[in-house]
Amino acid sequence: MDPNDTDHDRESVERRLAAVERALATDEPFEYADRLDDLEGRVVELEAAVQALRGYVGSVRAVNDDIEQRADLALRKATALERHVGGDAVGENPPGGSENSGNTDADAPDGPFDRLRNWP
């Protein structure tokens, strides 16, 4: 073995070791990597939260649509019943009832069908 080759290898190893030590001594690359990992984790959490909110809003819309359909059906049935029973409101001139039942027009609240009909 040539002694010059050994010195050359030793210098090469020492240069490489110094480069590794410098890389380990600077904290910036590790801080950026940690920060990047933290930010990626937060983005994943935010995406999951957005998906959960979208699902919640979708189910609220579905419930609202269902309630609206039921309310429309109830109003149609009440209107049909009102037409079948007769009179403008339930309790007003019912079939077989007396004209003077003790209630005056000022005392009588609007009938339930009038309230449904006037619902916003």
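Throughout, residue positions are numbered sequentially from 1 according to the sequence presented. These numbers come from a predicted model, not from an experiment.
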Going by the side-chain contact (heavy atoms from CB on, under 4.5 Å) test, name the single residue among Arg15, Arg10, Glu14 that passes it with Ser12.
Arg15

Can you tell which of Gln69, Arg70, Glu68 makes a side-chain contact (heavy atoms from CB on, under 4.5 Å) with Asp72?
Glu68

Are the side chains of Glu40 and Val43 in contact, using a 4.5 Å heavy-atom criterion?
no

